[in-house]
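For the numbers below, each heavy atom of this structure counts, side chains included, while hydrogens, waters and symmetry mates do not.
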Amino acid sequence: RVGAPPRTGRSHGAAFGDLLVDSDPQALIARTRSGVQAVVIRDLAALLHRPVAELGLAIGLSRATLARKIRSAATLPLAESDRAVRYVRLWRLAVQLWESDAAAAEWLTSPERALGGETPLHHAETEVGARRVEQLIGQLEHGIAP
């Protein structure tokens, strides 16, 4: 699987790979409601070459809380699961656009003029911002200048 870390033996909650392959909205809603594994944040941070704590703060978890949830193989509550799914969705779209994990990570973590100089990841801290990033990806896919 392109863009996915290797699977481990976890059994509860949605894993990173599950979120990548499931683009069906109803399935993603169900996975989000049942909870996303906290390790999804660690896995995505590794792919983005960003500190886990940075991504944890973006979804609303302190460093200590996220570390505890990862250690205990916990699932995230609904609000944090929803934000985690948002970032995984953007990762999937960026990998599809750039056809490379490295290029997707570079683009998501670099300032983008079309987003007022913010990185796409930072811009996506709100749902409205994430939708703008998705729109920008769509424009780039179709060769439309932002």
Quick one, Leu76 with Ile59, criterion side chain to side chain contact (heavy atoms under 4.5 Å, CB included). Give me CA distance, side-chain angles, the key distance, then yes/no.
CA-CA 10 Å; Leu76 300 172; Ile59 69 157; 3.9 Å; yes
Give, for atom CG of Asp43 and atom CD of Gln37, the distance between the pair rounded to the nearest 0.5 Å.
8.5 Å
First locate atom CZ of Phe16, then atom CG of Leu44, and finally report the distance between them rounded to the nearest 0.5 Å.
5.0 Å
As an exercise, state the distance from CZ of Arg63 to OG1 of Thr65, rounded to the nearest 0.5 Å.
12.0 Å
Are the side chains of Ser110 and Thr119 in touch, meaning some heavy atoms are under 4.5 Å apart?
no
Closest heavy-atom pair and its distance - Val133, Pro120
CG2-O, 3.6 Å
Should Thr75 and Val36 count as side-chain neighbours, where that means a heavy-atom distance under 4.5 Å?
no
Side chain to side chain contact (heavy atoms under 4.5 Å, CB included) between Trp107 and Glu112: does it pass, once the steps are laid out?
CA-CA 8 Å; Trp107 185 77; Glu112 176 58 52; 3.2 Å; yes
Gap separating the CG atom of Asp82 from the CG atom of Leu78, nearest 0.5 angstrom
6.0 Å
I'd like to know if the side chain of Trp98 pairs up with that of Glu106 as donor and acceptor (distance under 3.5 Å, no hydrogens or angles considered).
no
Please report the shortest heavy-atom distance between Glu54 and Arg50, naming the atom on each side.
OE1-NH2, 2.9 Å
Walk me through it: do Thr109 and His49 pass the test side chain to side chain contact (heavy atoms under 4.5 Å, CB included)?
CA-CA 9 Å; Thr109 59; His49 310 290; over 6 Å; no
Calculate, to the nearest 0.5 Å, the distance between atoms CZ and CG belonging to Arg92 and Leu19 respectively.
9.0 Å
Just to verify, what does Arg71 make a side-chain contact (heavy atoms from CB on, under 4.5 Å) with, not counting sequence neighbours?
Ala67, Arg68
Run the numbers on Arg83 and Glu125 for salt bridge (Lys or Arg N to Asp or Glu O under 4.0 Å), then give the verdict.
CA-CA 8 Å; Arg83 291 183 202 116; Glu125 285 181 337; over 6 Å; no
Do Glu134 and Leu93 have side-chain heavy atoms sitting under 4.5 Å apart?
yes
Minimal heavy-atom distance between Glu80 and Gly60, with the atoms involved, is OE2-O, 4.1 Å
Of all heavy-atom pairs between Gly35 and Ser81, which one has the smallest distance, and what is that distance?
CA-OG, 3.5 Å
Closest non-hydrogen contact found for Ala130 with Arg86 is CB-CD, 3.5 Å
Please find the pair of heavy atoms, one from Ala105 and one from Leu47, that lie closest to each other, and give the distance.
CB-O, 3.5 Å
Check the pair Leu48, Trp91 against side chain to side chain contact (heavy atoms under 4.5 Å, CB included), reporting the backbone distance first and the verdict last.
CA-CA 9 Å; Leu48 292 166; Trp91 169 256; 3.8 Å; yes
So CG of Leu28 and CZ of Arg33: to nearest 0.5 Å the spacing works out to 12.0 Å
